[in-house]
Amino acid sequence: MFMRSYSVHNKMSREIHILRIAAGGSSAILSASQLALAADDFRVLTATTATDAKQIIDTTPVDCVVCDAELDTTTGLDLLAHLRDTGSAL
């Protein structure tokens, strides 16, 4: 599983956990870095497959998902529908 966490955190506020799912590893890393730099309280996790994304969501609190339309074995819309169907709080 490929997962990185990028974080810039202001200790006075609550961290916002963002999951960035991108089919290409390098684009996930680049956009995760950009998101992390956009606000002091963003923590950005990355996944490069739908399977990895599901595992992260099952084990880590996530407030927001930014997902590519096309993934390895499914689409971003199918992944989000799966999350909704399984009762995810997202």
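Every heavy atom of this structure was used, including side-chain atoms; hydrogens, water molecules and symmetry mates were not. Note that the coordinates shown come from a computational prediction; the quantities given were computed from them, not determined experimentally.
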> Check the pair Cys67 / Leu79 against side chain to side chain contact (heavy atoms under 4.5 Å, CB included), numbers first and verdict last.
CA-CA 9 Å; Cys67 185; Leu79 175 63; 4.2 Å; yes
> Just verifying a value: how many Å separate Arg84 CZ and Leu77 CG, rounded to the nearest 0.5 Å?
10.0 Å
> Can you tell me how far the NZ atom of Lys54 sits from the CG atom of Leu83, to the nearest 0.5 Å?
8.0 Å
> Taking 4.0 angstrom as the limit, do Asp63 and Arg43 come out as a salt bridge?
no
> If every non-hydrogen atom of Ala47 is compared with every non-hydrogen atom of Ala53, which pair is closest and at what distance?
CB-N, 3.8 Å
> So does Ala50 get a backbone contact from the side chain of Asp72, meaning a donor-acceptor N/O pair under 3.5 Å?
yes
> Would Leu71 and Ile21 count as a side chain to side chain contact (heavy atoms under 4.5 Å, CB included) here? Give the steps.
CA-CA 8 Å; Leu71 300 173; Ile21 309 164; 3.7 Å; yes
> Nearest 0.5 angstrom please: Leu45 CG to Arg20 CZ, how far?
13.0 Å
> Has Asp41 got a side-chain atom pairing as donor or acceptor with Ile16's backbone, closer than 3.5 angstrom?
no
> Apply side chain to side chain contact (heavy atoms under 4.5 Å, CB included) to Thr49 and Thr73, showing your working.
CA-CA 8 Å; Thr49 68; Thr73 59; over 6 Å; no
> Output the distance between atom CG (Leu80) and atom OG1 (Thr75), rounded to the nearest 0.5 Å.
8.5 Å
> Does the side chain to side chain contact (heavy atoms under 4.5 Å, CB included) test come out yes or no for Val66 and Leu19, once each step is laid out?
CA-CA 6 Å; Val66 179; Leu19 174 59; over 6 Å; no
